[in-house]
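The next block holds one structure in the form of structure tokens; read it before the comments.
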Number of protein chains: 2
Amino acid sequence: MNSKPTIHDIAKALGIDSSTVSRALNDSPRVSQKTKKKIIAKAQELGYQRNLLASNLRKNVSRTIGVVVPRISRYFFSSAIQGIEEAAYLAGYNVIICQSLEELEREQKIVEGLIANRVDGLLISISMETLNYNHLQAVINSDIPLVFFDRYCNLQGCSNVLIDDFNCGFNATEHLIQQGCKNIVHFSGPQYLKIYENRLEGYKAALKKYEVTFQHIISSKLMEVDGYNSMISALEAHPNIDGVFSANDVAAVGAMTYLKAQQIKIPDDVAIVGFSNEPISRVIEPALTTIDQSGLKIGEKATALLLNYIANKEASNETQTVMVDSNLVIRSSSKKMI
Amino acid sequence: MNSKPTIHDIAKALGIDSSTVSRALNDSPRVSQKTKKKIIAKAQELGYQRNLLASNLRKNVSRTIGVVVPRISRYFFSSAIQGIEEAAYLAGYNVIICQSLEELEREQKIVEGLIANRVDGLLISISMETLNYNHLQAVINSDIPLVFFDRYCNLQGCSNVLIDDFNCGFNATEHLIQQGCKNIVHFSGPQYLKIYENRLEGYKAALKKYEVTFQHIISSKLMEVDGYNSMISALEAHPNIDGVFSANDVAAVGAMTYLKAQQIKIPDDVAIVGFSNEPISRVIEPALTTIDQSGLKIGEKATALLLNYIANKEASNETQTVMVDSNLVIRSSSKKMI
DNA sequence: ATATAAAATCCAATCGATTGTATATTAGCA
DNA sequence: TGCTAATATACAATCGATTGGATTTTATAT
């Protein structure tokens with residue numbers, strides 16, 4: 001009574017073979033409509049539910065995709081996961097979520113484990129330490145489709161789902177310039193991460209376009225404390241700084257904490273723009289101007305792409321880079337009353 | 001070459017039976033040390049990795065636990081998930097994460113799906129709409145261990161991992177009273193959720209102990225907008241309100257938004273205490289006094305408990321309620337300079 | 001050296017679903 | 001009616017690992 005009914009139970013109950021039951025439940029044309037109806041009715045009656053383990057074993061798939069993010073509790077990633085879960089769930093896929101905590105070693109172990117677990121595909125946003133791509137190459141070698149989202153690296157045979165970081169960096173910086181900032185510092189992440197490189201390039205391009213000669217870049221891991229310290233060192237080096245473009249919101253918050261402690265007025269003395277539109281940016285005072293990137297959309301798109309590759313592996317040859325739209329959300333932290 | 005080696009490949013390579021290989025890899029006493037060594041060496045050499053699907057099918061387990069939370073992107077839940085993932089990963093369990101989005105219907109479907117997926121256990125923090133427990137009873141009937149965390153309900157045969165909501169509610173209210181508040185309103189969640197009931201009871205108990213006669217309670221879903229509206233209606237009904245104890249931080253933030261817009265001073269005119277210590281509470285101005293509840297710890301404890309029940313199902317008879325410590329974090333939003 | 005116990009290994013069924021092939025049934029047509 | 005073609009169903013192997021029971025090998029005692 002306790003154990004679930006199987007196709008064999010259905011078959012026995014109807015005096016037919018289990019293979020016919022299996023085919024009927026999979027809507028195979030090899031079974032007549034009449035028997036199909038009988039079988040489906042009986043399945044309902046017995047409360048039959050397909051055993052996915054058995055099915056997947058036989059079909060040599062896992063119906064599972066692996067997801068690796070730096071940290072679940074970062075809002076951007078938790079909303080990306082929300083998007084991934086939604087899309088995967090609808091397609092009947094399970095999702096294994098893992099976090100690298102920004103450590104390469106952990107990321108390597110996780111990826112190994114996911115390969116061992118025979119995931120059908122992998123979505124990853126790499127850690128800040130990920131300089132070495134061997135573990136990712138191993139995924140490709142195992143013939144497991146791999147899609148990067150947000151933090152990507154240029155790896156042959158992988159697709160990416162991103163926002164246009166260059167443009168966002170450009171827009172953020174342009175906005176500061178238009179507010180009258182002349183000395184804008186940029187807080188960047190590790191340089192080997194493409195997204196930070198792109199945001200930085202956007203920053204540079206805007207400065208160039210508007211013929212702003214001042215340029216100052218501080219790289220860090222962009223944690224709150226890094227933003228705080230970067231702000232200190234930036235002002236020490238250049239007391240006349242009047243604008244900050246931070247490559248994430250958290251570091252921007254750190255910078256604001258320091259500025260407020262020093263009674264430096266935001267935005268009048270120093271205007272600030274962050275990146276990601278974390279919930280915190282809306283609440284902090286003054287509210288933080290930032291780039292809105294929808295984790296939800298990015299997660300959904302990345303999953304759709306991955307599932308497509310899983311469904312027809314040939315498609316994996318045509319790698320692509322999908323851009324998800326994003327836009328500058330202007331709030332008080334950058335609005336100088338000129 | 002592409003396909004992974006199996007125990008049969010190892011067996012063939014060594015001229016022995018696959019059952020011996022299986023036993024050796026599971027460190028069974030039925031295999032001699034000598035052959036064990038040979039087998040393990042060969043497994044290493046071939047890069048063998050156990051196929052969990054096959055193993056689990058045979059053992060009739062899934063090595064998977066299901067997790068249902070209202071919303072992944074809420075910081076408390078994403079950190080609980082972090083704790084769950086950690087604990088589960090160490091024990092070799094996969095985790096399926098699902099979100100009810102506070103909808104009962106979705107929660108029911110999810111739980112059904114998880115039963116069908118044959119999860120070995122279930123962790124759940126119920127939605128705000130969950131008045132009906134049939135779907136949860138079905139889990140118990142299917143002999144799947146079930147542990148509630150944070151938002152629980154009294155169901156025979158389930159354990160809970162919680163913080164002491166009553167005490168927290170008491171402490172929060174007591175703190176406001178000690179700051180000189182005489183007219184404290186409480187923003188509560190749906191009454192059928194135990195945690196809100198307990199927080200409310202703590203509020204009442206503190207009022208009673210200090211012989212404060214004013215009492216006003218507004219129930220809502222505690223979203224930001226609810227906090228905003230509750231604040232309006234509270235002040236309309238009782239313009240002399242000088243304290244707010246909100247059962248979550250988000251609603252407290254909503255209330256603060258309204259107060260600040262009305263130029264009502266926090267904490268001097270109205271002191272505020274929230275609940276959960278979301279990141280936002282530290283950054284908002286004035287910084288929000290709140291109850292710190294570690295999602296990480298709660299997630300870890302809940303998982304440990306669940307895994308224990310999975311390992312020895314008899315233990316499930318002894319249900320228990322584990323209390324994780326939590327404490328009042330006093331910040332500016334409630335510190336009146338008396 | 002032989003009988004017996006103990007240890008090591010092998011055999012075969014099993015978990016539940018899927019799928020290629022073979023057989024049985026029905027329908028269509030001359 | 002008899003024959004072929006088409007349709008429907010049954011049989012049996014398979015996915016990879018596990019496990020109870022049978023068998024073989026080795027060690028111990030007589």
Side-chain angles (χ1 to χ4, degrees), chain A residues 2-40 42-43 46-64 92 94 115-120 142-143, chain B residues 2-40 42-43 46-64 92 94 115-120 142-143:
Chain A
N2 193 4
S3 64
K4 312 254 179 199
T6 70
I7 49 170
H8 302 289
D9 299 325
I10 299 176
K12 205 173 293 168
L14 295 173
I16 58 179
D17 192 80
S18 61
S19 61
T20 303
V21 175
S22 171
R23 288 198 167 91
L25 295 174
N26 285 301
D27 204 24
S28 152
R30 282 178 58 173
V31 181
S32 68
Q33 286 304 326
K34 208 170 58 177
T35 25
K36 257 183 207 170
K37 256 190 194 154
K38 268 201 311 193
I39 290 170
I40 290 171
K42 181 59 80 174
L46 298 180
Y48 170 80
Q49 284 176 319
R50 164 193 278 108
N51 184 322
L52 284 177
L53 284 173
S55 171
N56 292 343
L57 170 62
R58 181 60 228 258
K59 293 197 286 194
N60 196 31
V61 298
S62 65
R63 284 231 150 222
T64 297
N94 285 136
I115 296 176
N117 257 296
R118 277 127 172 118
V119 292
D120 293 340
S142 300
D143 230 17
Chain B
N2 191 5
S3 63
K4 312 255 180 201
T6 70
I7 49 170
H8 303 289
D9 298 323
I10 298 177
K12 207 173 292 169
L14 295 173
I16 58 178
D17 192 82
S18 61
S19 61
T20 305
V21 175
S22 171
R23 288 198 168 91
L25 295 174
N26 285 302
D27 205 25
S28 152
R30 281 176 61 169
V31 181
S32 69
Q33 286 304 323
K34 210 170 54 176
T35 25
K36 257 184 207 170
K37 257 191 193 155
K38 271 200 310 192
I39 289 170
I40 291 170
K42 180 60 80 177
L46 298 180
Y48 170 80
Q49 285 175 319
R50 162 193 281 111
N51 184 323
L52 284 176
L53 283 173
S55 171
N56 292 342
L57 170 61
R58 182 58 229 260
K59 292 197 287 195
N60 196 30
V61 298
S62 64
R63 282 232 149 223
T64 297
N94 286 137
I115 296 176
N117 256 296
R118 278 125 171 119
V119 292
D120 293 340
S142 301
D143 228 15

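Naming: A, B, ... by sequence-line order, numbering from 1 per chain.
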**Message:** Whether A:Ser19 contacts D:dT9 is assessed here as follows: a side-chain N or O lying under 4.0 Å from the phosphate OP1 or OP2. Is that the case?
**Reply:** no
**Asked** Looking just at side-chain N and O atoms, do A:Asp17 and A:Ser19 make a donor-acceptor pair shorter than 3.5 Å?
**Response** yes
**Request:** Look at all strands and tell whether B:Leu53 reaches a base, only sugar-phosphate, or nothing, counting heavy atoms closer than 4.0 Å.
**Result:** nothing
**Request:** Assign B:Val21 to base, sugar-phosphate, or nothing according to its heavy-atom contacts below 4.0 angstrom with the strands shown.
**Result:** nothing
**Asked** Are any of the side-chain heavy atoms of A:Ile115 and B:Lys4 separated by less than 4.5 Å?
**Response** yes
**Asked** Nearest of D:dT9, D:dA17, D:dC11 to any side-chain atom of A:Asp17?
**Response** D:dC11
**Message:** Does either side chain, that of B:Ser62 or that of B:Asp120, offer a donor lying less than 3.5 Å from an acceptor on the other one?
**Reply:** yes
**Asked** Listed by chain and number, what are the side-chain hydrogen bond (donor to acceptor under 3.5 Å, both in side chains) partners of B:Asn60, not counting sequence neighbours?
**Response** none
**Asked** What is the distance, rounded to the nearest whole Å, between atom CD1 of B:Ile10 and atom C1' of D:dT18?
**Response** 14 Å
**Prompt:** Given atom CG of B:Asn60 and atom P of D:dG16, what is their separation to the nearest angstrom?
**Reply:** 20 Å
**N or O in side chain of A:Arg23 less than 4.0 angstrom from D:dA10 OP1/OP2** = no
**Asked** Just how far, in rounded Å, is P of C:dG16 from NZ of A:Lys59?
**Response** 17 Å
**Asked** Can you find a side chain N or O atom of B:Ser22 that sits less than 4.0 Å from OP1 or OP2 on D:dT18?
**Response** yes
**Request:** Go through B:Lys36 and B:Asp27 one step at a time and tell me if the salt bridge (Lys or Arg N to Asp or Glu O under 4.0 Å) criterion holds.
**Result:** CA-CA 8 Å; B:Lys36 257 184 207 170; B:Asp27 205 25; 3.0 Å; yes
**Request:** Compute the angle between the rotation axes at the two ends of the helix from C:dA1-D:dT30 to C:dA30-D:dT1, each taken over five pairs, rounded to 10 degrees.
**Result:** 60°
**Request:** Mind checking B:Ser28 for me? I need base, sugar-phosphate or nothing, with any heavy atom below 4.0 Å counting as a touch.
**Result:** nothing
**Prompt:** Heavy atoms under 4.0 Å, any strand shown: does A:Ser55 hit a base, just sugar-phosphate, or nothing?
**Reply:** sugar-phosphate
**Prompt:** DNA chain D: A:Ser18 or A:Ser32, which has the more 5' nearest nucleotide?
**Reply:** A:Ser32
**Request:** Using side-chain hydrogen bond (donor to acceptor under 3.5 Å, both in side chains) as the criterion, list what pairs up with A:Thr35, not counting sequence neighbours.
**Result:** A:Ser32
**Asked** Would one find a side-chain N or O of A:Arg50 under 4.0 angstrom from OP1 or OP2 of C:dT18?
**Response** yes
**Asked** Going by heavy atoms in the side chains, are B:Ile10 and B:Leu14 under 4.5 Å from each other?
**Response** yes
**Prompt:** Over how many whole Å does the gap from A:Asp27 atom CG to D:dA8 atom P extend?
**Reply:** 13 Å
**Prompt:** Roughly, in whole Å, what's the span from CD1 in A:Ile16 to P in D:dT7?
**Reply:** 20 Å
**Fill in**
Rounded to whole Å, CZ of A:Arg58 lies from C1' of D:dC15 at a distance of 6 Å
**Asked** Base, sugar-phosphate, or nothing: which does B:Asn56 touch, judged by heavy atoms less than 4.0 Å apart?
**Response** nothing
**Asked** Between A:His8 and A:Arg30, who's closer to the 5' end of DNA chain C by nearest nucleotide?
**Response** A:His8
**Message:** Quick check for you: to the nearest 0.5 Å, what is the distance between A:Arg50 atom CZ and A:Leu25 atom CG?
**Reply:** 6.5 Å
**Request:** Using only side-chain N and O atoms of B:Thr20, determine if any of them is under 4.0 Å from OP1 or OP2 of C:dC10.
**Result:** yes
**Prompt:** Taking the side chain of A:Thr35 as its heavy atoms from C-beta onward, which of C:dA17, D:dA17, D:dT9 lies nearest to it?
**Reply:** D:dT9
**Phosphate contact (D:dA17 OP1 or OP2) by B:Asn26 side-chain N/O below 4.0 Å** = no
**Request:** Starting from P on C:dT18, measure out to CG on A:Leu52 and report it in whole angstrom.
**Result:** 9 Å
**Request:** Give the rounded distance in Å between these two atoms: CG of A:Leu25 and C1' of C:dT18.
**Result:** 12 Å
